[in-house]
Amino acid sequence: MFKDLNDFIRALADQHELALITEPVSPDLEIAAVTDRVSKSPGGGPALLFENPTGFDVPVALNLFGSMKRMCMALDVARLDDLASEIDDLATPKMPGGVVDAVKMLPKLNRLRDLMPKTVSDAPCQEVVKKGGSLDDLPILQCWPEDGGRYITLPLVFTKDPETGARNIGTYRMQVYDGRTTGMHWQRHKGGAQHHRVAERLGRRLPVAVALGPDPALTYSATAPMPEGLDELMLAGFLRRERVELVKCVSVDLEVPANAQIILEGYVEPGERRREGPFGDHTGFYSHPDDYPVFHLTCITQRRRPLYLTTVVGIPPMEDYYLGKASERIFLPLIRKTLPEIVDMAFPAAGIFHNIVLVSIDKRYPGHARKIMNAFWGLGQLMFSKTIIVVDKDVNVQNEAEVAWIVGTHYDPERDIQFTRGPVDDLEDASDLPALGSKMGIDATRKWASEGFKRTWPTRIVTTPEAGRKAEEVWQRIAKGWKA
Ligand SMILES: Cc1cc2nc3c(=O)[nH]c(=O)nc-3n(C[C@H](O)[C@H](O)[C@H](O)COP(=O)(O)O)c2cc1C
Ligand SMILES: [Mn+2]
C-alpha cells in the first residue's frame, strides 16, 4: 500500500518507470503535447514528473497510471486479475466448517474492516490553509489548442446526498473560469449530478470538496463505476488493504482524504449554470460547449510542497485507457455475480470504453446473447454500451483480431443484429439528440437449431496434437536461422 502520491512516485522511480523532466515546459499546451507523444510510444511510455512547469513552483505529475505495469503497481498487484479472485472470494461468503476454518477467515474480516474509512485530526493535506487561495497558483494545464481554457482533469469530487448523507466520489473535469470559480462537469447520469439534483429540489447549496493527488488506489477508485449509493471509499479501502484516513474540511461540512496533495473546498449553487467547453476529450474529438453547474472555491488547503497530479485525454490510447482496464478487471467478478454465464469482457482502446464492448459467454439457451445485451444496457454505466459484441466462450475477447474474425464468419447481419434506443453517454456525438440515441448488439455466437439455424455450423480448423507437436519442433529449428 502506498501511503501517498510521493510514496508511489518514489516506487515508480525505483522501478525505472519515471521520467524526470527538469527543463521548463509550459502548462499551456506543451506539457500535454509531451504527454501525448509519450503515451503513443510502445507500452504507454514512462510516468512523467515535470519539475519546472513554466511560471509555477509546483511540479506536475502525469501518466502515472499509463501502462499495464504501472496500473498494477498503483493497486499493488502483480496482475489485475489477482484482484478479481480476491473480490470474488470476498463477495462469496462461506460458512466456516470449524475453528480452523474460522481462523482462516480472519484475514477476510480484516479486509472487511478496511472498507470503513476513519477520521484523523492531523492531515498532510491541511499543512497550509489558504482561505483566500487562488487556482492561479496551480500549474493547471490547457491541454489542446481549441480547449475553452485550463482544466483540472483528475480531480476527486466529493459530495454527499443532502437527504441521506450518502457520500459520492467521482472524477469530473473542472474548467477554470477564474482563480475562485470553475465548471463542474458531472454528467447527468453520474453520482455528483444526482446529489446536485436533490440539492436543487430542496433549493439548497451543495457543499463540494475536491481532492487532488491522494494515494493511487484512491485516485483510481474515483473513476470506478461503483453502483449508485455505494461509497467509493469502500473500494479504495479494499484496494489499499488499509482504511482510508479522512479529515474534516476547514470551510465545508465534508471529509476529504488526509493524504491528498491539495484540497479545493467550495460549493455549487442551485440553479446556476455556465458555458463549459469545448474540451479535447477522450473520444479523440473536442466535446461541444454545454451548460454545467459552477463550483465556487471557499478555501484551498494543501501540503507545504505539493505536487499537482493531472492527466491528459485525447486520441486513444492515453492514460485513461489503463484506468478503464482496471475497472474492466475489477468489475468483471461483480457482474458475474448476477450474470454468471459471462466468461470475459473487454473494452478495446479504440472503442473508448463503451463504443465497443466485447463479451464472451457460456451460451446455455436460445437467445442467450440477446439476454446479455439487454442486461448490459440496464446495468449502471454499461447502459452506455453503443456496440455490444457477444461471442462464445472459446473466443478470446482480449484479442481484437480474433473477435473480428469470429464476428465476420459467425454473423448473418439481418438476423443477428439487435437495435435498441435509450440513454447514451453525454459525450456521444453521433446521436441526433444529446444523451439519447440508439445502440446495437451483434450476436456472434454459434447459432443453434433451436434458434432456427437448420444448416450445419462449420468446425474450426485445428490440426492433431501429434502434428502440432511436430510443427513446434520443426518451427523452433527454422526460427533459429530466420529473421522476420
Ligand atoms: C480522466 C477522467 C476524466 C473524466 N471526466 C469526467 C467528466 O468530466 N465528467 C463525467 O461525468 N465523468 C468523467 N469521467 C468518468 C467518471 O469519473 C466515471 O464515470 C465515474 O465512474 C463516475 O463516478 P460516479 O458514478 O460516482 O459518478 C472521467 C473519467 C476519467 C478517468
Ligand atoms: Mn459513485
Side-chain angles (χ1 to χ4, degrees), residues 32 35-36 39 61-66 71 74 141 143 147-148 151-161 164 166-176 182-198 208 210-213 216 218-236 268 276-283 286-290 292-293 295 309-314 316-328 330-331 334 347 349 352-354 379-385 423-428 434-435:
T35 307
D36 185 35
S39 294
L62 322 88
N63 209 28
L64 267 49
F65 302 93
M71 194 63 236
L141 310 186
C143 295
D147 280 1
Y151 287 82
I152 301 171
T153 51
L154 203 53
L156 285 73
V157 178
F158 285 64
T159 52
K160 281 187 176 169
D161 183 314
T164 67
R167 177 181 16 241
N168 189 68
I169 315 173
T171 301
Y172 319 119
R173 71 168 183 249
M174 297 161 72
Q175 178 177 3
V176 177
T182 77
M184 182 44 81
H185 191 258
W186 46 47
Q187 295 155 353
R188 68 193 92 203
H189 310 105
K190 306 298 173 72
Q194 175 55 19
H195 290 178
H196 188 229
R197 213 172 272 129
V198 175
V208 177
V210 177
L212 304 174
L218 182 47
T219 301
Y220 157 72
S221 300
T223 72
M226 286 290 274
E228 191 177 311
L230 278 190
D231 194 335
E232 280 77 8
L233 290 184
M234 284 176 37
L235 176 62
V268 171
E276 202 270 359
F279 177 70
D281 226 313
H282 72 171
T283 54
Y286 287 99
S287 25
H288 305 296
D290 198 359
Y292 271 88
F295 172 79
L309 176 70
T310 190
T311 189
V312 176
V313 298
M318 297 205 78
E319 185 173 9
D320 61 328
Y321 166 68
Y322 301 95
L323 290 164
K325 196 75 189 168
S327 287
E328 174 196 301
I330 289 171
F331 284 83
L334 297 172
F347 305 89
I352 335 250
F353 307 123
H354 49 258
L379 195 63
Q381 292 186 44
L382 281 173
M383 70 173 148
F384 301 135
S385 304
V424 298
D425 188 77
D426 255 307
L427 298 183
E428 175 61 47

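When a ligand or atom number is given, it counts from 1 through the structure's own listing order.
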For ligand 1, which is the ligand I care about here, please tell me if Leu154 has any N or O atom under 3.5 Å from one of the ligand's N or O atoms.
no
Hey, are the side chains of Tyr151 and Cys143 touching, using non-hydrogen atoms and a 4.5 Å cut-off?
no
Under 4.5 Å between any side-chain heavy atoms of Asn168 and Glu232, yes or no?
yes
Please name all residues satisfying side chain to side chain donor-acceptor pair (under 3.5 Å) with Asp36, sequence neighbours left out, ordered by chain then number.
Lys40
Roughly how far, to the nearest 0.5 Å, is CD of Gln381 from CE of Met226?
11.5 Å
Do any nitrogen or oxygen atoms of Asp320 lie less than 3.5 angstrom from nitrogen or oxygen atoms of ligand 1?
no
Arg173, any N or O under 3.5 Å of ligand 1 N or O
yes
With heavy atoms under 4.0 Å as the rule, classify the contact between Ala224 and ligand 1 as side chain, backbone, both or neither.
backbone
Can you confirm whether Met184 sits close enough to Glu276 that some side-chain heavy atom of one is under 4.5 Å from a side-chain heavy atom of the other?
no
Among Thr153, Leu309, Thr310, find the residue that satisfies the side chain to side chain contact (heavy atoms under 4.5 Å, CB included) test when tested with Leu62.
Thr310
Enumerate the atoms of ligand 1 whose separation from the nearest heavy atom of Thr171 is less than 4.0 angstrom.
2 (C), 3 (C), 4 (C), 5 (N), 6 (C), 7 (C), 12 (N), 13 (C), 14 (N), 15 (C), 16 (C), 17 (O), 28 (C)
Do Glu319 and Thr35 have side-chain heavy atoms sitting under 4.5 Å apart?
no
To the nearest 0.5 Å, tell me how far Tyr220 OH sits from Thr171 OG1.
10.5 Å
Does Arg173 reach the side chain of Ser287, with side-chain heavy atoms less than 4.5 Å apart?
yes
If we check ring pair (Phe, Tyr, Trp, His ring centres under 6.0 Å) with His185, which of these qualifies: Phe295, Tyr292, Phe279?
Tyr292
Is there a polar contact, in the sense of an N or O pair closer than 3.5 Å, between Thr223 and ligand 1?
yes
Using a 4.0 Å cutoff against the non-hydrogen atoms of Pro225, which atoms of ligand 1 qualify?
21 (O)
the protein heavy atom lying closest to atom 12 (N) of ligand 1 turns out to be Lys190 NZ, 3.1 Å
Within-cut-off N or O pair, Gly192 and ligand 1, under 3.5 Å:
no
Report yes if some heavy atom in the side chain of Leu382 is under 4.5 Å from a heavy atom in the side chain of His354; otherwise report no.
no
Quick one: name the protein N/O/S atoms under 2.8 Å from the Mn ion (ligand 2), chain by chain.
Asn168 OD1, Glu232 OE2
What atoms of ligand 1 come within less than 4.0 Å of a heavy atom belonging to His185?
7 (C), 8 (O), 9 (N), 10 (C), 11 (O)
Aromatic plane relationship, Trp186 with His196 - under 30° parallel, 30 to 60° tilted, over 60° perpendicular:
tilted
Taking atom 21 (O) of ligand 1 as the reference point, the nearest protein heavy atom with its distance:
Gln381 NE2, 2.8 Å
I want to check something: taking the side chain as every heavy atom from C-beta on, are Phe65 and Thr219 in contact at a cut-off of under 4.5 Å?
yes
Of all the heavy atoms in Glu232, does at least one lie under 4.0 Å from an atom in ligand 1?
yes
Taking atom CE of Met318 and atom OG1 of Thr311, what is their separation to the nearest 0.5 Å?
7.0 Å
Which of the atoms in ligand 1, numbered in the order shown and given with their element, are less than 4.0 Å from a heavy-atom of Thr311?
1 (C)
of all protein heavy atoms, closest to atom 26 (O) of ligand 1 is Asn168 OD1, 2.8 Å
Numbering as shown, the atoms of ligand 1 that approach Ile169 to under 4.0 Å (heavy-atom distance):
26 (O)
Measuring from atom 27 (O) of ligand 1, which candidate in Phe353, Tyr172, Phe279 has the nearest non-hydrogen atom?
Tyr172
